[in-house]
Amino acid sequence: TPCEHSFPTRRSSDLRILLLPVHGLLWASKSPGLFLISSHPEHQSRNLRLLPQSPRPTDASVPVLAMSLPSSRTVPLLQSWIYLASSSALLNSLLPIPPPPPSGLSRLLNPVPEPTTPRTMALALSQLPTRTLLDHVQLVHGLWQNTVSLEISDEGLWATMGAAWGILVGALAVKERRRE
């Protein structure tokens with residue numbers, strides 16, 4: 001789990017610092033900009049800092065790379081993708097939970113299809129409040145920003161973000177048509 005610290009700044013927002021343990025070689029293989037966290041010491045010397053040595057001999061120092069990313073909220077999602085590459089897990093993280101189907105006789109008279117296609121998922125999600133949908137659109141956008149910032153060109157990641165975006169925008173379009 002990431003270790004998170006917030007420090008107040010002079011700006012209106014807070015600077016969020018996440019300390020994430022990563023396997024440098026794996027991240028370097030996904031992002032050309034992160035080659036410096038691979039196991040090549042000649043690349044690390046200028047760009048990485050060591051945490052101060054602990055007075056206890058059993059503790060170890062680890063290299064720390066200071067990076068600035070547009071969306072700290074989506075770094076754990078990106079980290080999960082790097083290690084698991086699970087489209088279904090990422091999609092479940094990017095989309096809100098659809099509302100439960102109606103119960104009782106109403107459910108029998110008005111059956112709702114299980115949300116298995118992007119269209120049926122958008123229809124199911126259109127029942128949620130607009131604010132909820134917009135929060136998830138912002139989440140997808142934050143992940144997109146980090147992916148672009150790190151120059152990750154993983155087709156599965158891009159396809160999953162595109163699917164989530166399409167479903168959320170589709171749900172908002174359905175809500176707008178109902179409103180009209």
Side-chain angles (χ1 to χ4, degrees), residues 1-24 26-37 64-100 114-180:
T1 57
C3 175
E4 184 174 339
H5 300 282
S6 293
F7 298 99
T9 63
R10 293 184 188 124
R11 296 183 305 225
S12 60
S13 64
D14 285 343
L15 173 67
R16 296 180 67 195
I17 297 175
L18 297 174
L19 295 175
L20 299 169
V22 300
H23 293 91
L26 180 60
W27 278 78
S29 72
K30 298 290 185 179
S31 169
L34 294 180
F35 74 94
L36 58 112
I37 64 172
V64 174
L65 173 65
M67 290 178 28
S68 178
L69 291 174
S71 174
S72 62
R73 180 178 171 203
T74 63
V75 170
L77 297 177
L78 190 55
Q79 184 178 31
S80 175
W81 175 266
I82 296 292
Y83 286 97
L84 303 174
S86 171
S87 294
S88 60
L90 182 58
L91 202 55
N92 284 335
S93 298
L94 294 173
L95 297 176
I97 298 171
E114 285 294 317
T116 55
T117 66
R119 184 176 184 275
T120 57
M121 291 174 80
L123 286 171
L125 293 178
S126 69
Q127 303 298 319
L128 294 172
T130 301
R131 182 75 250 155
T132 300
L133 295 173
L134 290 175
D135 285 345
H136 285 269
V137 165
Q138 184 180 22
L139 186 66
V140 175
H141 184 257
L143 181 59
W144 174 83
Q145 286 179 307
N146 284 350
T147 303
V148 168
S149 178
L150 292 172
E151 302 173 19
I152 297 174
S153 60
D154 184 305
E155 289 181 29
L157 175 60
W158 284 98
T160 305
M161 284 189 296
W165 185 267
I167 291 166
L168 291 166
V169 170
L172 287 166
V174 169
K175 284 185 81 65
E176 182 62 26
R177 274 185 257 139
R178 283 186 190 143
R179 195 173 64 91
E180 291 173 355

Participant: Are more than 12 heavy atoms, taken from residues, nucleotides or ligands other than R131, located less than 6.0 Å from that residue's CZ atom?
Facilitator: yes
Participant: A side-chain contact here means heavy atoms from C-beta on lying under 4.5 Å apart; do W158 and M161 qualify?
Facilitator: yes
Participant: With S80, which residues qualify under side chain to side chain contact (heavy atoms under 4.5 Å, CB included), at least two apart?
Facilitator: L84
Participant: Closer than 4.0 angstrom, basic N to acidic O: yes or no for E180 and R177?
Facilitator: no
Participant: Would you mind reporting whether N146 and P70 have side-chain heavy atoms less than 4.5 Å apart?
Facilitator: yes
Participant: If I take atom CG from residue L69 and atom CG from residue L150, how far apart are they, to the nearest 0.5 angstrom?
Facilitator: 5.0 Å
Participant: Taking T120 for its side chain and T116 for its backbone only, find out whether a donor-acceptor pair lies under 3.5 Å.
Facilitator: yes
Participant: With V137, which residues qualify under side chain to side chain contact (heavy atoms under 4.5 Å, CB included), at least two apart?
Facilitator: W165, L168, L172
Participant: Quick check: closest heavy atoms across T160 and S87, and the distance to 0.1 Å?
Facilitator: OG1-OG, 3.1 Å
Participant: Which value, rounded to the nearest 0.5 Å, describes the distance between Q127 atom CD and L133 atom CG?
Facilitator: 10.0 Å
Participant: About how many Å separate CZ of R119 and CG of L123, when rounded to the nearest 0.5 Å?
Facilitator: 5.0 Å
Participant: For the atom pair CH2 (W81) and CD1 (I152), what is the distance rounded to the nearest 0.5 Å?
Facilitator: 10.5 Å
Participant: Heavy-atom distance under 4.5 Å between the side chains of L157 and L78, does that happen here?
Facilitator: yes
Participant: To the nearest 0.5 Å, what is the distance between CG on L91 and CE on M121?
Facilitator: 5.0 Å
Participant: When rounded to the nearest 0.5 angstrom, what distance separates CD1 in I82 from OG in S31?
Facilitator: 8.0 Å
Participant: Heavy atoms only: give me the nearest G170-A122 pair and the separation to one decimal.
Facilitator: C-CB, 3.9 Å
Participant: Quick one, L143 and S71 - any side-chain contact, counting heavy atoms below 4.5 Å?
Facilitator: no
Participant: Side chain of K175, backbone of P129: donor and acceptor closer than 3.5 Å?
Facilitator: no
Participant: At their closest point, which heavy atom of L139 faces which heavy atom of S93, and how far apart are they?
Facilitator: CD2-O, 3.4 Å
Participant: Give the minimum heavy-atom separation between D135 and R73, together with the two atoms involved.
Facilitator: O-NH1, 3.9 Å
Participant: State, yes or no, whether a side-chain contact exists between V140 and H136 at a heavy-atom distance under 4.5 Å.
Facilitator: no
